[in-house]
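Since the structure is predicted, the reported quantities are computational estimates derived from the model, not experimental observations. In what follows, every chain begins at residue 1, and chains take the letters A, B, ... in the order their sequences are listed.
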2 protein chains.
Amino acid sequence: MSRTKKEVTIYDIAAQLDVSVATVSRALRDDPVVSVKTKKKVFDLAEKYGYQTNQFARNLRKQQTNTIGVIIPRLNSYFMAAVIAGIEQVANQAGYNLIISQSSESAERESINVRTMFNNRVDGLLVSLSYHTNNLDPFEKFAKKNIPVIFFDRTPESSTFTNIRINNVQAGYEATKHLLSKGRRRIVHVTVSSTESVYRERFRGYAQALAEYGVPLDMNLVYLGDLSLEAGADAAKFIHSLPQKADGVFVANDNCAAGCVIGLKAHGLRVPEDIAVVGFNDDPVSRIVEPNLTTVHYPGHEMGELAARSLINHLNGAADIMLTQTILLRSDLVVRESTG
Amino acid sequence: MSRTKKEVTIYDIAAQLDVSVATVSRALRDDPVVSVKTKKKVFDLAEKYGYQTNQFARNLRKQQTNTIGVIIPRLNSYFMAAVIAGIEQVANQAGYNLIISQSSESAERESINVRTMFNNRVDGLLVSLSYHTNNLDPFEKFAKKNIPVIFFDRTPESSTFTNIRINNVQAGYEATKHLLSKGRRRIVHVTVSSTESVYRERFRGYAQALAEYGVPLDMNLVYLGDLSLEAGADAAKFIHSLPQKADGVFVANDNCAAGCVIGLKAHGLRVPEDIAVVGFNDDPVSRIVEPNLTTVHYPGHEMGELAARSLINHLNGAADIMLTQTILLRSDLVVRESTG
DNA sequence: TTGTATGCGTTATCAT
DNA sequence: ATGATAACGCATACAA
């Protein structure tokens, strides 16, 4: 339990070398003001002693924590895991630590998490919003103290914070247009009732594509759930019960789309012959469900890397992220069997 | 970029209340030695000022970091995400931070990660080993300094560290026995060539069950891959090419099992009529692939909670985890359509 | 180029 | 029950 063994400090090195701790401190950080000779001596001895800088002393002194806070809705999708992996990679490499917490899609828990992060004095925050976040007040404390906040993927509709995301309107538009191009005209949209912009934008894209093809938007064809596997099954039931048969579905995520495909088949509908299905995310399940899902692919790992890199560059003063309003990543429609 | 606004410290409170910082410090930590009256005054003012203890000063002083290191092979399975979520929940609640890093199934990267954790002076380590870890030397530094290390799920074959896992021999035994009880006799086992014990134990269980039914172990029926979706497809090809038809498969994880089922079907084999399949993990894909997979369920979230809780209790001195060699969690066979 | 001295915010020891 | 003060290890303003 005890952490007794004494650590070696710059004092030890200074004493051994008969120089001041200031010199050692400077040498260790490669301060150009220190002579090459002294630096070498210091480095060598530090190496020999296995010296490690004490981050806490340094943080205390510098008034910053070298820690990045990450708040996500849930760590339960392949996509989110990929994003986190990307963040982790960049942060680790840059010597930053990560505090990760989950809002579980609750605006309230999100708000608590934000406060915790604040109290932990994170240097910056990376956030993907919950379904139900309807105001950004909790983040204002960060803004007031000039602590950078970057939203990724699930970004707010409008704010002064930096966003990293894809063009969800366009992605939704392309997904729907693909169905239309296959001759489908009664297209159901399965999504979530969310205050958060991502799903609203996908819906907008859906509506735009319909409009372009002269298909009137019918809100009776929009099914709201929580986008879970089970919600997909419910959506299938809904579709099956429709008085006028639908011939296409655009589901706002793959998990739910997979549940929907399975449900549709259970109801005796053939995919894609009777009804074509498009998902979103290019989750591995899209290649397991039969038929494989046509879906929108976008780069989770890269998004994570980019978010972390942007934040860290900003913290290092290498770039001012606050000047950047939005970074858009590209997304692609991947066509598979579920749309024939 | 600047973090200018001055934080309120115990000095501010002390000055305002005309008591010493020592008293404030004690009061804030609810030290029984401080009078109730003083305590109340301190609490109230701290509340009013929005005082937050500076963790770095505290860490510096107490020589501990309040940080737990987590090393996992990959954040790419539902199971692992669940474990992490469990760890995060407990750690966050106990005021511990998490540093998470991934070994990507490489013993070398794992070793580097261990060193990084050590240099970051984590208070304790939670580890799930890579496929290829064949010695525990990197962890010896921790042992030497009495920094607790707990292995979970992918635990070492034998060591003095604490392990949290399921009985993989038994789980493998039950999975295989289930196939045998369905009358299957030529049972393929798909697993990974790993130095790490989990998969070897599952194999042992497989062998045990066969022995119990008087079925000779045939190493030609053991297929080695990396347990990915693609490896599942390869395994299916292997099974299809078998001179003597197999009638059962036990795959060491669900992802791979799903790939295998799809591959088998592509080769014209009916599941479960021609060949029954059992997976492992109860991953969501097990309920998406058709037919749904019979699989071994075990509690990832609980495992994460338990690992974190054990570590933190140990750190708090509430329990000495080092006395505990192994904690076994229960696992259950979930029977679904893939075994008829 | 190097050294001196001080502060960062807590906790712990020793007095009172 | 409370106070004074010395660490904890590092970074920096200022001096030399």
Nearest-Å distance, CG (A:D18) to C1' (C:dG3)?
12 Å
Would you say B:D123's side chain and B:T65's backbone share a donor-acceptor pair under 3.5 angstrom?
yes
Using the ring pair (Phe, Tyr, Trp, His ring centres under 6.0 Å) rule, collect all pairs that involve residues 27-58 of chain A, keeping only residues at least two apart or in two chains.
none
Applying salt bridge (charged side-chain N to carboxylate O under 4.0 Å, His left out), name anything that partners B:E157, two or more places apart in sequence or on another chain.
B:R200
Scan for salt bridge (Lys or Arg N to Asp or Glu O under 4.0 Å) pairs involving residues 54-76 of chain A, sequence neighbours excluded, and state none if there are none.
none
d(CG, B:N59; P, C:dA12) in whole Å
12 Å
Distance test, side-chain N/O of B:T23 to OP1/OP2 of D:dG3, below 4.0 Å:
yes
side-chain hydrogen bond (donor to acceptor under 3.5 Å, both in side chains) against B:T23, all qualifying residues, sequence neighbours excluded:
B:S20
What residues from residues 34-44 of chain B pass a heavy-atom cutoff of under 4.0 Å to DNA chain D?
B:V34, B:S35, B:T38
Please enumerate all residues that pass side-chain contact (heavy atoms from CB on, under 4.5 Å) together with B:T160, with sequence neighbours excluded.
none
Please check the phosphate of C:dG9 (OP1 and OP2 only) for any side-chain N or O of A:Q63 closer than 4.0 Å.
yes
Taking ring pair (Phe, Tyr, Trp, His ring centres under 6.0 Å) as the cut-off, I'd like each qualifying pair that reaches into residues 79-109 of chain B, sequence neighbours left out, listed once.
B:F79-B:Y298
Scoring nucleotides 10-16 of chain D by protein non-hydrogen atoms under 4.0 Å (B base, S sugar-phosphate only, - none) yields BBBB---
Side chain of B:L60 only, heavy atoms from C-beta on: which candidate in D:dT2, D:dG9, C:dC8 is closest?
D:dG9
Students often get this wrong, so: under 4.0 angstrom with heavy atoms, is B:D31 touching a base, only sugar-phosphate, or nothing?
nothing
Run the side-chain contact (heavy atoms from CB on, under 4.5 Å) test against B:S35 and tell me which residues pass, sequence neighbours left out.
B:K37, B:T38
